[in-house]
There are 2 protein chains.
Amino acid sequence: MADKKKLVSEITSMDVDFAQWYTDIVKKAEMIDYSSVKGCVIMRPYAQALWENIQKTLDGMFKETGHENVAMPIFIPESLLLKEADHVEGFAPECAWVTHGGSEKLEERLCVRPTSETLFCEHYAKIVRSWRDLPKLYNQWCSVVRWEKTTRPFLRSREFWWQEGHTVHATEEEAREETMRMLNTYATFCEDYLAIPVLKGQKTDKERFAGAEDTYTIEAMMHDGKALQSGTSHYFGDGFARAFNMQFTDKNNTLQYMYQTSWGVSTRLIGAIIMTHGDNEGLVLPPKIAPFQLVVIPVAAHKPGVIDKATELYEMLKQAGIRTKIDVTDNSPGWKFAEYEMKGFPLRLEVGPRDIENGQCVLVRRDNREKTVVKFEDLTTVVPKLLDEVQQALFDKALKNREEHTYVAHSIEDMKNILKEHTGFVKSMWCGDLACEEKVKEETGMPSRCMPFEQEHLDDVCPICGKPAKKMIVWGIAY
Amino acid sequence: MADKKKLVSEITSMDVDFAQWYTDIVKKAEMIDYSSVKGCVIMRPYAQALWENIQKTLDGMFKETGHENVAMPIFIPESLLLKEADHVEGFAPECAWVTHGGSEKLEERLCVRPTSETLFCEHYAKIVRSWRDLPKLYNQWCSVVRWEKTTRPFLRSREFWWQEGHTVHATEEEAREETMRMLNTYATFCEDYLAIPVLKGQKTDKERFAGAEDTYTIEAMMHDGKALQSGTSHYFGDGFARAFNMQFTDKNNTLQYMYQTSWGVSTRLIGAIIMTHGDNEGLVLPPKIAPFQLVVIPVAAHKPGVIDKATELYEMLKQAGIRTKIDVTDNSPGWKFAEYEMKGFPLRLEVGPRDIENGQCVLVRRDNREKTVVKFEDLTTVVPKLLDEVQQALFDKALKNREEHTYVAHSIEDMKNILKEHTGFVKSMWCGDLACEEKVKEETGMPSRCMPFEQEHLDDVCPICGKPAKKMIVWGIAY
């Protein structure tokens, strides 16, 4: 096991330095490499395979609810970006600008898309004529560019991969339904597939998307108690429609403006998986989304029959629909154990000469190291059951972590006291005024996360200003 | 059928103006819309669905042969692009340059990737240390940007979507095998899925990729006799490896340079499908790759039971794994027939009151309008059979077109005479000299397409200069 210690010793303990632990994992599990463009990363095969599983599942959910994929141009002319005032104010400071094509200077600068509302607006204005053309439910998978000052793999980078849904509707009601439908789709996906419990709610005016009327969010809590905004869904009303002249004739032959939504999740979700489930040995991946669910490792592989049996079990599990890998390299079993723990494979199957004599093998869970001895003939029934158990256990553990790190504050003093010893979600009432929100940020360092849909009555008054409370709000330091 | 005539009359006949016919189809079948960025297009849902089917099939073929997907950054620093002299000479004139991030001028210009060899080289130089790390078989799906002067949807645009495979190997032999494996994968895909016969061969030095040692190509012939380069596979030798210092220690512990390949196909394949199979009524899509393989159209839909029966058949076909759509809008059947012909659905199913009485429906093939009356109970066996027949018929027709438009020339005079009346592939012998290749281009307008792997002996000497012939070569005007 000397090998194993060596590999693991290269990861900083998460209790010592969570940020460094994260960076170590991302590198050691071969998810990311840095490129020579500052702030832009390379998605290595293991991260890309994880992202493709996320894509495949979400894309299926989008298509089931009637959405279609398109591909919009990578560039936005400056004049197009300028059309909606709030939107441009939000994004212009972080645009990457193309000024030359070949050796010629362009007549107008082009922005590498930071988000594509403006392109969709221009397209919808052209292709939608009548109520019969509505709704349009489009989505695209692509990368976008935002010229951030400080970056971190998956969490904040100058280029990141995402999907952006953009829809237009004949009525406010339909558009609001869509906004909620997609937020709920994200929440279901995070909880059921990524095993990450999320808090659903509405962003305050201060925190909402540039140009949106209402922004809804799912907020996850990482292992260290910090929040991660993991997906957002925006209701735009007809603000963009008026700026881009997006009109249609309704059933009464009257010209109306369209109502619009947009919604997105990104490779940030990979960061969420790492920081929710990972431990000091490396990644821990939820079985439903892991590139591989199980690795077969022959023990004493040089002994006759071991490789053959391992290969037979590998084929059997693959046949049964389990995403399985086998490692028959000449690395030591100890090295392999550490390697696949680092990569967060949910299950490991060990099989050696004595196991074969007894017609059995050993399954080891990544999440809690629990070992199960299984007869060969029971393997294809036990493995799916164990994978389900791992999936559920990860969710339960993450939920427990969130519950243990959720606090109630009745005053700013309370908040400060909580933060002295803890990091987590801090619930309080709120009057709805920007001034109070800013005061909390200034005095405690916590921005608001959201006004949860599931409200509780904690106090009658806003603990900041003493005026009547309107809402319960959740505060928290975020990535 | 007034409706139908109206819709169809908006398409220019391909015999009158093939280029305009193409543009009409691309617009009317709702594949492409133009954006406000000149030369950049919007992939609308129907084109995107077709591209996703292409992606899914090819991606499966890549993964079966051991390839892994990654995602590289969208930007290439100018200094990185400059490292390989031939490569930069080929691509620098058509780079889009980012000069500003937000309000700040960048210290170094960044090129929006026109192709990613340089990024892969930099990455491989970092992550490959020993022969144990080889081969690396990476691929990425993304869009790239080339600042072209004249553009055409799918065929040549400033942004296009593609996959680019980039591999490194320990030996020349392995890298050459990979180059051929991927060219053959492309050829198989085009012939078996897109029903497009392709000519496999090697590009001349003049036509090879910037920086490659050898470029191999698959050349398709469009309906009008013009050629379309539909996929390329490049062998780089160790040229980039030397420029980027990509070394590894071999089994004898000696430092060696890696051998490299790259290969790509793009949304150009959609242009190939349109121009190979389309007709004056619109698109004709090969069943294996069509977003929908069949549309169910109720006739006299207001009569009792018609919609119900149509829906039942639709569900039955979907259950049987046929990609099926049903159109129950209140448009007339004639309008619907024209609409789905325009969109190239391989089969149409018509069902009306009299059919229902007789327990049958009518299937109409898109490619040859052949009608088949089918008993309901035979539908799920007849449809797959008919789809196979359509697939084969499209291939056969395209192959016949190619054979009928392939000519032999024994002199430049021959070539000129052929071109007076025909467009197609012109075969001749060639001495291998650039001067002769340039002379043919100058006097006939035809560049070389490739030196086919399947050689024929047409003459002993080069018909241009009279020196001994080395190879048979194919010339042709191309998109």
Side-chain angles (χ1 to χ4, degrees), chain A residues 30 33-37 39-49 51-52 59 68-77 79-80 92-104 106 108-110 112 119 122-123 126-127 132 136 138 140 142-143 145-147 149 158-159 161 267 329, chain B residues 30 33-37 39-49 51-52 59 68-77 79-80 92-104 106 108-110 112 119 122-123 126-127 132 136 138 140 142-143 145-147 149 158-159 161 267 329:
Chain A
E30 298 187 338
D33 196 15
Y34 298 98
S35 80
S36 57
V37 183
C40 289
V41 295
I42 293 161
M43 293 270 282
R44 300 190 66 180
Y46 200 55
Q48 184 64 22
W51 180 236
E52 284 180 11
D59 198 65
E68 299 179 293
N69 285 338
V70 297
M72 285 283 161
I74 195 173
F75 298 125
I76 306 173
S79 56
L80 193 67
E94 46 186 51
C95 282
W97 293 104
V98 173
T99 56
H100 290 75
S103 54
E104 279 173 38
L106 303 182
E108 180 182 14
R109 297 199 299 177
L110 302 173
V112 183
L119 293 166
E122 187 189 37
H123 183 52
K126 270 173 78 177
I127 65 166
R132 287 170 184 271
K136 289 283 181 215
Y138 287 176
Q140 78 170 342
C142 62
S143 77
V145 170
R146 299 178 187 174
W147 218 251
K149 299 278 178 203
R158 286 186 169 173
E159 179 188 22
W161 291 266
T267 36
T329 59
Chain B
E30 300 187 335
D33 196 14
Y34 298 98
S35 79
S36 57
V37 183
C40 289
V41 295
I42 293 162
M43 293 270 282
R44 299 190 66 181
Y46 200 56
Q48 184 64 23
W51 181 236
E52 285 180 11
D59 198 65
E68 299 179 292
N69 285 338
V70 297
M72 285 283 160
I74 197 173
F75 298 125
I76 306 174
S79 56
L80 193 67
E94 45 185 50
C95 282
W97 293 104
V98 173
T99 56
H100 290 73
S103 54
E104 279 174 37
L106 302 183
E108 180 180 13
R109 297 200 298 177
L110 303 173
V112 183
L119 293 166
E122 188 189 36
H123 183 52
K126 269 172 77 177
I127 65 167
R132 287 169 182 270
K136 287 284 181 213
Y138 288 175
Q140 78 171 343
C142 61
S143 78
V145 170
R146 298 178 187 175
W147 219 249
K149 299 277 178 206
R158 286 186 169 173
E159 179 188 21
W161 291 265
T267 37
T329 59

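Here is how names work: the chains are called A, B, and so on, in the same order as the sequence lines, proteins then strands, and each is numbered from 1.
The minimum heavy-atom distance linking A:Phe75 with A:Val98 is given by the pair CE2-CG2, 3.6 Å. The two residues B:Cys95 and B:Trp147 have their closest heavy-atom pair at O-CB, 4.5 Å.
Interface remark: A:Thr99 contributes backbone and side-chain atoms alike to the contact with chain B (heavy atom separation under 4.5 Å). A:Trp97 touches chain B through backbone and side chain together, each having a heavy atom under 4.5 Å away. Contacts of B:Trp51 with chain A are absent, with no heavy-atom separation under 4.5 Å from either backbone or side chain. For chain A, the nearby part of B:Val145 is the side chain; its heavy atoms alone come within less than 4.5 Å. Both the backbone and the side chain of B:Ala96 come within less than 4.5 Å of a heavy atom in chain A. For B:Lys136, no part sits under 4.5 Å from any heavy atom of chain A, backbone or side chain.
Heavy-atom pairs under 4.5 Å with chain B were tallied for A:Leu110, A:Leu106, A:Asn69; the largest tally goes to A:Asn69. When the candidates A:Glu108, A:Arg158, A:Arg109, A:Arg132 are compared by the number of heavy-atom contacts under 4.5 Å with chain B, A:Arg132 comes out ahead. In terms of heavy-atom pairs under 4.5 Å with chain A, the best-connected choice from B:Glu94, B:Met72, B:His123 is B:His123. Residue with the most contacts toward chain A among B:Glu104, B:His100, B:Glu30, B:Gln140: B:His100 (heavy-atom pairs, distance under 4.5 Å). Options B:Thr329, B:Ile127, B:Leu80, B:Leu119 differ in how many heavy-atom pairs under 4.5 Å they form with chain A, and the most are formed by B:Ile127. In terms of heavy-atom pairs under 4.5 angstrom with chain A, the leader among B:Ala49, B:Gly101, B:Cys40 is B:Gly101.
Judged as a side chain to side chain contact (heavy atoms under 4.5 Å, CB included), and not counting sequence neighbours, the contacts of B:Pro45 are A:Glu68, A:Val70, A:Tyr138. In this view, A:Glu52 and B:Lys63 satisfy the salt bridge (charged side-chain N to carboxylate O under 4.0 Å, His left out) rule, not counting sequence neighbours.
The main-chain N or O of B:Glu159 is never found under 3.5 Å from a side-chain atom of B:Ser143 such that the two would form a donor-acceptor pair.
Separation of atoms CE (B:Met43) and OG1 (B:Thr267) is listed at 5.5 Å; rounding is to 0.5 Å. For the atom pair OG of A:Ser35 and CD1 of B:Ile76, the computed distance is 10.0 Å after rounding to the nearest 0.5 Å.
For the pair B:Val41 and B:Tyr34, the minimum side-chain heavy-atom distance is below 4.5 Å.
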